Participant: 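Provided herewith is a single structure, encoded as structure tokens, for subsequent inquiry.
One is the number of the first residue; the rest follow in order along the sequence. In this text the structure is predicted, and so the values were computed from the model without any measurement.
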Amino acid sequence: MNIAVIAETAPAKTLIPVIEKLDDNIISLTHSEGAERLLNPYSSEVLSIGEGRRNTTTKRSDLTIGRLVLKDTLRTYRALRSRDIDLVLTCGNAGDVRKGISAAKKLNIPKLHIEQDLYNPIEMIAYADLITVPNSHAKKLLKKMYGIHNTVNIKGYPQAEYVNRVPIMDPEEIYRHYGINDFYVLFLGGDTRASDIPKIIKEVQKLDKIILIIPYRFEATSISQFVTRKGVYIIDGYVDLISLMNASQGVIYCAGMGVTIEVGALSVPSVKLLGFHVDHASNDLAQSLGIDVISAYDIQYAVEHMKAPHGARLIKNGSKASIKVAELTRDMYMFDTSSGGTKSMKAIWNQRKKYR
């Protein structure tokens with residue numbers, strides 16, 4: 001089969017353990033430099049479907065965003081149409097999934113989606129033929145909130161398998177590279193509002209510790225203006241986040257499921273900042289792993305009392321889950337593949353409006 005994989009950086013880490021279990025031709029589509037690096041060794045082609053939408057302190061108009069999405073969706077459509085794709089495999093809740101499922105729907109290509117962000121999925125999963133979920137609670141939740149029935153419980157997170165066996169740089173190499181060996185990582189991911197950054201930086205700077213800030217979707221210049229003390233550094237560009245977090249004394253992060261799985265599988269002491277997604281599956285997972293979910297004002301106390309999460313079962317279940325997804329690429333039509341359609345899409349759209 002020709003399978004098109006469409007993902008950003010963190011979802012790519014979920015898909016790699018699945019891809020490794022397939023004997024198929026993989027064509028990867030992404031607008032993320034990090035995902036391109038990750039997926040390239042597993043793909044016959046890696047195609048760009050546009051540019052990532054980095055956050056800034058200036059909000060773009062809906063018209064501008066809509067124009068960019070339409071342009072990239074057309075680009076995705078053309079890429080899929082010209083390559084005789086048998087299956088589209090997606091993961092995540094960002095624009096790449098929206099573009100991929102939209103284009104595949106137009107082309108009548110089967111769509112298998114791995115869903116983890118249950119409270120705030122991308123609205124186009126309403127048109128996926130089959131959706132995997134990590135547990136029975138998630139299965140019930142998608143049915144109750146969005147009327148989505150075509151789900152399969154894979155009982156875990158494949159990304160945990162990836163984290164457990166990906167090559168990790170020796171901490172001593174990290175220490176030599178950055179010239180320090182006693183630091184904490186602050187990761188500002190997709191759950192971070194630009195308006196919350198000044199408050200987060202202010203509270204983090206109260207810690208008597210060296211802090212390395214990973215801005216992820218934010219421009220470094222939009223962060224640096226709030227840094228007011230020595231020992232707080234912004235790491236711009238691509239970074240081996242897993243190796244960096246593994247070498248750190250602890251991780252403070254305002255992000256979703258991907259980083260939660262990573263710190264859990266690494267068992268690195270962590271605290272999760274409560275971002276604009278108050279209800280989020282990553283909050284549930286963090287708490288089940290022993291990671292405190294806190295407000296920015298609690299950073300100092302939480303960091304002083306952070307503990308290593310217990311992630312052994314997370315890794316074991318993740319390995320089983322990736323096998324299940326690989327099997328589903330062959331037998332997905334043994335399950336209910338009736339998509340939720342317009343009604344489900346509207347329900348998800350209304351839920352997502354709460355976070356805008």
Side-chain angles (χ1 to χ4, degrees), residues 1-12 14-16 18-53 63-115 121-132 148 150 325-342 344-345 348-349:
M1 285 200 301
N2 292 321
I3 299 179
V5 168
I6 305 175
E8 286 193 331
T9 304
T14 292
L15 292 169
I16 285 172
V18 177
I19 294 171
E20 290 178 327
K21 297 173 178 63
L22 298 174
D23 186 22
D24 297 286
N25 182 46
I26 304 298
I27 297 143
S28 296
L29 287 73
T30 183
H31 56 227
S32 163
E33 179 185 353
E36 183 178 343
R37 288 171 182 260
L38 289 167
L39 292 170
N40 187 62
Y42 305 94
S43 310
S44 61
E45 288 185 276
V46 179
L47 306 173
S48 171
I49 54 173
E51 296 181 4
R53 313 297 181 219
L63 181 62
T64 298
I65 294 172
R67 178 176 57 81
L68 293 170
V69 170
L70 286 173
K71 180 181 177 181
D72 289 352
T73 301
L74 179 59
R75 197 169 181 172
T76 307
Y77 172 86
R78 288 171 176 167
L80 295 177
R81 184 183 61 181
S82 64
R83 285 165 176 81
D84 193 25
I85 300 299
D86 299 296
L87 175 69
V88 166
L89 181 59
T90 60
C91 179
N93 74 331
D96 56 300
V97 175
R98 179 187 289 121
K99 299 162 196 172
I101 293 180
S102 297
K105 179 178 182 295
K106 184 70 175 176
L107 292 164
N108 293 317
I109 300 172
K111 300 162 287 294
L112 174 59
H113 177 75
I114 302 174
E115 185 53 59
I122 200 75
E123 70 283 342
M124 286 306 294
I125 70 163
Y127 294 101
D129 296 290
L130 196 65
I131 301 168
T132 73
I148 291 176
N150 56 327
V325 178
E327 291 172 347
L328 287 173
T329 66
R330 301 291 180 188
D331 58 18
M332 58 185 288
Y333 290 109
M334 293 175 62
F335 299 87
D336 178 8
T337 56
S338 304
S339 65
T342 303
S344 294
M345 183 183 73
I348 298 172
W349 183 266

Participant: Hey, could you give me the CH2/CD1 distance between Trp349 and Ile122, rounded to the nearest 0.5 Å?
Facilitator: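 Trp349 CH2 to Ile122 CD1: 8.5 Å, rounded to 0.5 Å.
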Participant: Distance-only, no hydrogens or angles: does the Thr30 side chain make a donor-acceptor pair with backbone N or O of Ala7 under 3.5 Å?
Facilitator: yes
Participant: State which residues pass side-chain hydrogen bond (donor to acceptor under 3.5 Å, both in side chains) with Ser82; sequence neighbours excluded, sorted by chain then number.
Facilitator: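 Scan of Ser82 (side-chain hydrogen bond (donor to acceptor under 3.5 Å, both in side chains), adjacent residues dropped) gives none.
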Participant: Are there over 12 heavy-atom neighbours, none belonging to Met334, within less than 6.0 Å of that residue's CE?
Facilitator: no
Participant: For Asp96, give me all partners under side-chain hydrogen bond (donor to acceptor under 3.5 Å, both in side chains), at least two apart in sequence or on another chain.
Facilitator: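 Partners of Asp96 under the side-chain hydrogen bond (donor to acceptor under 3.5 Å, both in side chains) test: none.
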Participant: Under the side-chain contact (heavy atoms from CB on, under 4.5 Å) rule, what do His113 and Val97 come out as? Steps first, then yes or no, please.
Facilitator: CA-CA 9 Å; His113 177 75; Val97 175; 3.8 Å; yes
Participant: Looking at every non-hydrogen atom in both residues, tell me the closest pair between Ser28 and Leu39 and how far apart they are.
Facilitator: OG-CB, 3.6 Å
Participant: What pairs with Lys106 under salt bridge (charged side-chain N to carboxylate O under 4.0 Å, His left out), at least two apart in sequence or on another chain?
Facilitator: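 Partners of Lys106 by the salt bridge (charged side-chain N to carboxylate O under 4.0 Å, His left out) criterion come out as none, since no residue qualifies.
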Participant: Which distance, rounded to the nearest 0.5 Å, do you find between the CZ of Arg98 and the CG of Asp72?
Facilitator: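 Between atom CZ of Arg98 and atom CG of Asp72 there are 11.0 Å.
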Participant: When you compare the side chain of Ile114 with that of Val325, does any pair of heavy atoms fall below 4.5 Å?
Facilitator: yes
Participant: Not counting sequence neighbours, which residues clear side chain to side chain contact (heavy atoms under 4.5 Å, CB included) with Ala126? List them please.
Facilitator: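 Side chain to side chain contact (heavy atoms under 4.5 Å, CB included) check on Ala126 returns Ser344, Met345.
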Participant: Under the side chain to side chain contact (heavy atoms under 4.5 Å, CB included) test, which residues partner Asn25, sequence neighbours left out?
Facilitator: Asn2, Ile27, Ser44
Participant: Show every salt bridge (Lys or Arg N to Asp or Glu O under 4.0 Å) that has at least one partner inside residues 327-341, sequence neighbours left out.
Facilitator: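 Every salt bridge (Lys or Arg N to Asp or Glu O under 4.0 Å) pair that includes a residue of residues 327-341, provided the two are not neighbours, is Asp24-Arg330.
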Participant: Within the 4.5 Å heavy-atom criterion, are Asp86 and Ile109 side-chain neighbours or not?
Facilitator: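 Counting from C-beta outward, Asp86 and Ile109 never come under 4.5 Å.
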Participant: Hey, does Phe335 have a side-chain heavy atom less than 4.5 Å from the side chain of Leu328?
Facilitator: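 Result yes, sub-4.5 Å side-chain heavy-atom pair found.
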Participant: Return the set of residues passing side-chain hydrogen bond (donor to acceptor under 3.5 Å, both in side chains) with Ser102 (not counting sequence neighbours), or none when no residue passes.
Facilitator: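 Here no residue qualifies.
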Participant: Sequence neighbours left out, what passes side-chain hydrogen bond (donor to acceptor under 3.5 Å, both in side chains) with Asn150? Give chain and number order.
Facilitator: none
Participant: Please report the closest heavy-atom contact between Thr337 and Met332, naming both atoms and the distance.
Facilitator: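 Minimum heavy-atom separation between Thr337 and Met332: CG2-O, 3.6 Å.
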Participant: Could you tell me whether the side chain of Thr9 reaches within less than 4.5 Å of the side chain of Leu38, counting heavy atoms only?
Facilitator: yes
Participant: Report yes if the side chains of Leu112 and Thr329 come closer than 4.5 Å at any heavy-atom pair, otherwise no.
Facilitator: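 Leu112 vs Thr329: side chains touch.
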Participant: Tell me every residue that passes side chain to side chain contact (heavy atoms under 4.5 Å, CB included) with Asn40, counting only those two or more places apart in sequence or in another chain.
Facilitator: Val46
Participant: Hey, does Leu80 have a side-chain heavy atom less than 4.5 Å from the side chain of Val88?
Facilitator: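 Yes, close enough: below the 4.5 Å cut-off.
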Participant: Sorted by first residue and then second, give each salt bridge (Lys or Arg N to Asp or Glu O under 4.0 Å) pair with at least one member in residues 35-44; sequence neighbours left out.
Facilitator: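 For residues 35-44, and leaving out neighbouring residues, the salt bridge (Lys or Arg N to Asp or Glu O under 4.0 Å) pairs sorted by first residue read Glu33-Arg37.
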Participant: Indicate yes or no: at least one non-hydrogen side-chain atom of Thr342 is less than 4.5 angstrom from one of Tyr127.
Facilitator: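 Of all side-chain heavy-atom pairs linking Tyr127 with Thr342, at least one is under 4.5 Å.
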Participant: Rounded to the nearest 0.5 Å, what separates atom NZ in Lys99 from atom CG in Leu70?
Facilitator: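 Result: 10.5 Å between the selected atoms.
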Participant: Considering only heavy atoms from C-beta outward, does the side chain of Ile125 approach that of Glu115 to under 4.5 Å?
Facilitator: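 Yes, their side chains come closer than 4.5 Å.
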Participant: For Arg81, what residues pass the salt bridge (charged side-chain N to carboxylate O under 4.0 Å, His left out) criterion, not counting sequence neighbours?
Facilitator: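 Partners of Arg81 under the salt bridge (charged side-chain N to carboxylate O under 4.0 Å, His left out) test: none.
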Participant: Going from CG on Leu89 to CD1 on Ile26, what distance comes out if it is rounded to the nearest 0.5 angstrom?
Facilitator: 7.5 Å
Participant: At their closest point, which heavy atom of Leu29 faces which heavy atom of Ala79, and how far apart are they?
Facilitator: CD2-CB, 3.9 Å
Participant: Check salt bridge (charged side-chain N to carboxylate O under 4.0 Å, His left out) between Glu45 and all other residues, then give those that pass, not counting sequence neighbours.
Facilitator: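 Here the qualifying residues are Arg83.
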Participant: Set out, in order, the CA-CA distance, both residues' side-chain angles and the distance that settles side-chain contact (heavy atoms from CB on, under 4.5 Å) for His31 and Glu8, then state yes or no.
Facilitator: CA-CA 7 Å; His31 56 227; Glu8 286 193 331; 2.8 Å; yes
Participant: Could you go step by step and tell me if Leu15 and Thr90 meet the side-chain contact (heavy atoms from CB on, under 4.5 Å) rule?
Facilitator: CA-CA 8 Å; Leu15 292 169; Thr90 60; over 6 Å; no
